[in-house]
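Read the numbers this way: they start at 1 and go in the same order the structure lists the ligands and their atoms.
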Amino acid sequence: MSAPKVAVVTGASSGIGRALALACAREGMAVVAADIEAEALAQTQALVEAAGAACMMQRCDVSNAADVELLAEASWGRWGGVDWLFNNAGVAVLGTAWDATDDDWRWVLGVNLMGVVHGVRSFLPRMQARGMPAHIVNTSSAAGLATIAGSAVYCASKHAVIAFSECLAKDLEQAGSPIGVSVLCPSLVATHIDQSQRNRPAALPEVGPTAAAYGERVRAGMAASAITAEDVARVAVDAIHARRFYVIPHAHTGASVRDRTQKIMGDFHHIHQESLQ
Ligand SMILES: NC(=O)c1ccc[n+]([C@@H]2O[C@H](COP(=O)([O-])OP(=O)(O)OC[C@H]3O[C@@H](n4cnc5c(N)ncnc54)[C@H](O)[C@@H]3O)[C@@H](O)[C@H]2O)c1
């Protein structure tokens, strides 16, 4: 029997990450499930195994480069290679742009942006050395394609993931690499992202004063979403097979992207057709 293809998923203890791990199991892949929450991670492992796939779990803080390097080492040690990497772990803080704290910025950029960067830095060179086709999916958000009030820290982190992923895709294309990249941009989905504080490091305790006021809006949006984490995972897997870069599961995200682009182009035309004439 040939060795199974292997998928690594960070943030696999909950929500979209757990759904991605299960979607990969259904693809017949072996799964490496990584997360900072060890107890819930064991539940993901049990679910993946119940779906008939081999599953290795590893506790990993993606904001810590050494942890992610150990994850790559362990994945190669167990299976000799990785075919799909989902840099999915993420956290959210809310609040007005001006009162987010240093701790808010350090925590969210550390997990959402540097977690993705660490994943690419540890896994991509090994994928390239193996010389086989592989695919990396970075989880951004609709908040990485557009912007909303009360979300400056989260939006900045997710816009950075899009920019990083676009540059990565261009670098790989220029290098003639067989490795593909996608960026996953869901809008609100019912998960435990509204309870992100559960994973906040004790060393970064200071929360901005307006954070709680915006929480209700997010919870209402998640409850109203017709799209589930399982839908998001299915769309992501389809995108890998089709080698699509932008993975946008919610139809209404199209209008937000259009509105933002129109605003940019409207101001651009104003300057170049009126002000500079
Ligand atoms: N739920 C949504 O509405 C939504 C929308 C757009 C994007 N996203 C993104 O989807 C991804 C998954 O989030 P979710 O909605 O499933 O939330 P979730 O809270 O249910 O799952 C996130 C997982 O990431 C893990 N995690 C947190 N910090 C970590 C760290 N430092 N190292 C390793 N793991 C860590 C958590 O333990 C958790 O298991 C995130 O990147 C999030 O920003 C979510």
* Results of salt bridge (Lys or Arg N to Asp or Glu O under 4.0 Å) for Asp259 - residues two or more places apart only -> none
* To do: Return the protein residues near ligand 1 (heavy atom under 4.0 Å from any of its atoms), ordered by chain and residue number.
  => Gly11, Ser13, Ser14, Gly15, Ile16, Asp35, Ile36, Glu37, Cys60, Asp61, Val62, Asn88, Ala89, Gly90, Val91, Val111, Thr139, Ser140, Ser141, Tyr154, Lys158, Pro186, Ser187, Leu188, Val189, Thr191, His192, Ile193, Arg198, Asn199
* To do: Could you list all the side-chain hydrogen bond (donor to acceptor under 3.5 Å, both in side chains) pairs where at least one residue sits in residues 63-72, not counting sequence neighbours?
  => Asp61-Ser63, Glu69-Ser122, Glu69-Arg126
* Do Lys263 and Asp267 meet the salt-bridge criterion of a basic N to acidic O distance under 4.0 Å? -> yes
* Any ion pair linking Asp35 and Arg18 (charged N to carboxylate O, less than 4.0 Å)? -> no
* Which heavy atom in Gln58 sits nearest to a heavy atom in Ala74, and how many Å separate them? -> OE1-CB, 3.2 Å
Tabulate below the donor-acceptor pairs under 3.5 Å that side-chain atoms of residues 183-194 make, not counting sequence neighbours, or state none.
from	atom 1	to	atom 2	distance (Å)
Thr191	OG1	Ile193	N	3.1
His192	ND1	Ser14	OG	3.1

